[in-house]
Amino acid sequence: RSSFFFFWNAGLLELSLGKFRNVLLNQTNPVEAVIRNIASNVTVVIFQVHAQQNSVVISFDKNPSANSSGTGVDKGLISILRPQQSVCTWYLRSLDANQVLSTAISIPYMEKDPIPGGCNLEFDLEVDPNIYLDYTLVDIHIKFAPANLGYARGANPPACDSGTGQNSRWRLRYDVYQYFLPENNLSEMVLMSHIRKMSEVQSIKANGVKMLTLTTDDKTNVYFSSLPGQGVIYNVIVWDPLWNTSAAYIPVHTYACSFVDLVDNCSSLSKLSTKIFFTVLAVLGLFTCFFGHRFWKTDLFFMGFIITGFFSFVFITRVTGLGYDVRLILTAVAGIIGGLLLVASWWRFGSVLLCMLLIGLVLGFLFSSVVFFTPLGDYRVFRDDVVFWVTFSSIALMIPVLFVGCPRILNLLACGIIGSYSVVLAIACYIYTSLAYITLDLLRRILNDYFSRAYTNVPFQTNDFIILAVWIMLALSGVTVQLRRERSEVSFPPHPYLIWKREKERRSTNILDPSHHIRPLRERIHSKLLQIKEVFQKEQPAGERTPLLL
């Protein structure tokens with residue numbers, strides 16, 4: 001443990017194969033990294049250096065060139081050893097004027113081990129073991145150069161295009177691994193300690209999660225869903241099935257956000273408008289969770305708000321180029337109008353079946369999203385949009401169909417589950433939780449045509465277990481409380497429009513009813529206005545005001 005916190009900042013860095021060293025780099029004084037006494041059975045050495053956010057330069061020469069150096073936060077070079085060579089040298093420096101904390105390691109491989117990036121045709125280095133990463137708010141894209149077969153010192157490398165048989169590089173397989181850093185932790189030291197677990201073949205297999213396997217026929221690029229603020233490390237192991245040997249590329253990490261932006265940086269991802277929107281929604285959802293069935297109109301307004309707001313946001317985003325805050329405001333307005341319209345339609349038509357169909361679809365939508373939030377959602381068959389949406393819709397429709405005979409139970413479940421999930425979404429605005437991606441990944445798939453190619457695996461750590469327990473507790477409590485309170489009541493309130501119409505007819509025909517003698521609303525308003533006017537009139541003086549009659 002003590003060796004991990006030792007920082008080397010001298011001009012010469014002595015390394016041992018397979019051992020990590022932390023080093024402080026600066027812009028003006030390059031660090032010379034040297035490995036001595038390399039064994040004769042080692043044919044390749046991969047040297048790599050990692051920093052959290054500031055790019056570093058690694059090169060074979062003091063004066064780096066494009067085809068002999070690499071620049072980035074996760075970069076490395078591969079040295080093909082000559083016969084009798086026992087010493088390797090590299091040079092390190094940072095691009096930032098301040099000192100940059102980095103960690104470096106050199107990993108040896110033998111002649112039968114495949115060579116990562118040995119058949120590079122795309123990038124600057126002749127042999128490039130690096131993984132190149134780009135990210136947006138929606139997805140992360142990694143790509144790498146194909147590997148080549150291993151060979152002995154002094155021998156010519158196998159031709160990359162000699163054929164596609166079992167004696168060529170086409171027999172190689174690529175396993176792509178993913179590793180999540182601890183949630184809500186942006187520490188440099190945490191990154192340095194965890195990136196060690198994704199640098200060597202055995203530790204990658206022990207700690208990482210294998211997401212997929214590529215053959216040489218596949219393109220060497222993969223997409224993942226973006227998780228802004230959540231640290232994640234990717235690496236690739238190339239495997240030679242003939243010799244049963246493996247080698248690892250250079251791991252790459254990202255937080256899918258910027259550390260230097262003043263607004264929306266890694267420390268403050270949620271906008272103020274998002275926090276206000278989902279906090280208000282959570283208050284309404286919490287009320288619906290425990291009192292929604294009794295306050296039926298509030299329940300209808302909440303569900304109508306969700307339905308209209310969701311589709312309005314999709315439509316506005318797809319059709320217009322408005323900013324996020326404006327889109328969210330318009331979504332809130334549309335949601336309020338949609339909620340009021342659903343309440344008005346209930347008041348006028350009183351169709352319990354129609355209202356419960358909409359509420360059941362909302363619950364089915366959430367249930368289907370949970371199903372695809374599991375590893376089932378990453379199955380290759382669901383990359384096809386037709387298969388995905390047919391399956392998703394079938395699962396969503398299953399909920400209202402199953403509960404068509406017991407609408408009250410359906411409404412109680414919807415109030416408890418959906419109302420409590422709105423609390424989870426509000427929590428996600430302040431603390432990272434993967435549970436928010438239950439619905440967010442679905443929204444991304446609707447809004448982005450190419451999101452179907454992304455793997456949507458997310459971390460599930462301590463925070464997520466706690467928030468999941470809160471969600472389950474709120475849902476069970478809400479359903480139980482409402483079920484006990486409403487068990488002796490009627491399932492749903494009677495049709496309000498018919499009640500109003502019946503009361504109106506009764507008052508107009510039954511003269512014995514005191515309400516029959518109540519004046520019309522217009523006359524009552526006029527009378528009130530006259531009373532108010534009299535308050536402000538000037539008081540008449542007492543006494544005789546006319547002349548006496550003679």
Side-chain angles (χ1 to χ4, degrees), residues 1 4-5 50-54 73-74 101-103 133 135-140 177-198 207-209 211 224-235 251-279 281-282 324 369-370 373-375 420-441 443-444 454-474:
R1 180 181 298 270
F4 175 74
F5 294 98
H50 305 276
Q52 186 185 42
Q53 53 179 304
N54 300 107
V73 292
D74 300 289
L101 171 63
S102 63
T103 187
L133 184 147
Y135 73 84
T136 66
L137 288 176
V138 175
D139 59 20
I140 295 170
Y177 283 81
Q178 185 183 53
Y179 178 86
F180 291 108
L181 297 174
E183 292 178 352
N184 301 301
N185 195 320
L186 304 176
S187 167
E188 278 185 311
M189 301 308 299
V190 169
L191 172 64
M192 298 304 163
S193 63
H194 284 271
I195 207 161
R196 301 180 174 202
K197 300 178 181 180
M198 291 293 288
N207 297 284
V209 176
M211 298 301 298
F224 298 89
S225 62
S226 184
L227 307 173
Q230 170 60 49
V232 58
I233 302 172
Y234 299 99
N235 207 344
V252 62
H253 79 279
T254 184
Y255 295 90
C257 56
S258 172
F259 283 88
V260 296
D261 290 347
L262 296 178
V263 180
D264 298 333
N265 56 47
C266 291
S267 301
S268 58
L269 288 169
S270 294
K271 295 177 178 287
L272 179 62
S273 57
T274 305
K275 293 179 179 179
I276 294 174
F277 180 88
F278 283 104
T279 301
L281 184 66
Y324 174 78
S369 299
V370 170
F373 180 71
T374 65
S420 56
Y421 183 69
S422 67
V423 177
V424 173
L425 293 177
I427 294 174
C429 295
Y430 303 92
I431 302 174
Y432 175 86
T433 173
S434 297
L435 294 175
Y437 289 93
I438 292 175
T439 50
L440 182 57
D441 278 344
L443 184 62
R444 287 172 167 179
Y455 288 84
T456 56
N457 187 40
V458 296
F460 216 79
Q461 301 177 8
T462 304
N463 274 3
D464 303 304
F465 284 108
I466 294 173
I467 296 174
L468 177 61
V470 171
W471 182 16
I472 294 174
M473 180 191 68
L474 286 175

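Scope of the values below: all heavy atoms of this structure, side chains included, with no hydrogens, waters or symmetry mates. This structure is a prediction, so every number in the text was calculated from the model and none was measured.
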request  = Examine distances only and state if a side-chain atom of Y437 and a backbone atom of F373 form a donor-acceptor pair shorter than 3.5 Å.
outcome  = no
key: Backbone of I276 reached by a side-chain donor or acceptor of T279 within 3.5 Å   = no
task = Using only heavy-atom distances, determine whether the side chains of Y432 and S434 contain a donor-acceptor pair under 3.5 Å.
result = yes
Side chain to side chain contact (heavy atoms under 4.5 Å, CB included) against V470, all qualifying residues, sequence neighbours excluded = L474
inquiry  = To check you understand the geometry: which heavy-atom pair defines the closest contact between I233 and I195, and what is its length?
reply    = CD1-CA, 3.7 Å
inquiry  = Can you list everything that forms a salt bridge (charged side-chain N to carboxylate O under 4.0 Å, His left out) with D441? Sequence neighbours excluded, please.
reply    = R444
query = What residues form a side chain to side chain contact (heavy atoms under 4.5 Å, CB included) with I467, not counting sequence neighbours?
reply = V424, I427, T433, L435
key: Closest contact, heavy atoms only, W471 versus V370   = CH2-CG2, 4.4 Å
query = Quick check: does any side chain N or O of S225 sit under 3.5 Å from a backbone N or O of A454, one acting as donor and the other as acceptor?
reply = no
query = Sequence neighbours excluded, which residues qualify as side chain to side chain contact (heavy atoms under 4.5 Å, CB included) partners of S273?
reply = K271, Y324, D325, L328
query = Which of parallel (below 30°), tilted (30 to 60°) and perpendicular (above 60°) describes F465 and F460?
reply = perpendicular
message = If we ignore hydrogens and angles and just use 3.5 Å, is the side chain of E183 paired with the main-chain N or O of Q230 as donor and acceptor?
response = no
request  = For A51 and H253, work out which heavy atoms get closest and say how close.
outcome  = O-CE1, 3.0 Å
Partners passing side chain to side chain donor-acceptor pair (under 3.5 Å) against Q52 (at least two apart in sequence or in another chain) = Y255
key: Backbone of Q53 reached by a side-chain donor or acceptor of E188 within 3.5 Å   = no
key: Contacts of M473 that satisfy side chain to side chain contact (heavy atoms under 4.5 Å, CB included) - sequence neighbours left out   = S477
ask   = Given the rule in the side chain to side chain contact (heavy atoms under 4.5 Å, CB included) test, do Y455 and Q178 qualify, once you have shown the distances and angles that lead to the verdict?
value = CA-CA 11 Å; Y455 288 84; Q178 185 183 53; over 6 Å; no
inquiry  = side chain to side chain contact (heavy atoms under 4.5 Å, CB included), that's the test. Do L137 and S226 meet it? Break it down for me.
reply    = CA-CA 6 Å; L137 288 176; S226 184; 5.6 Å; no
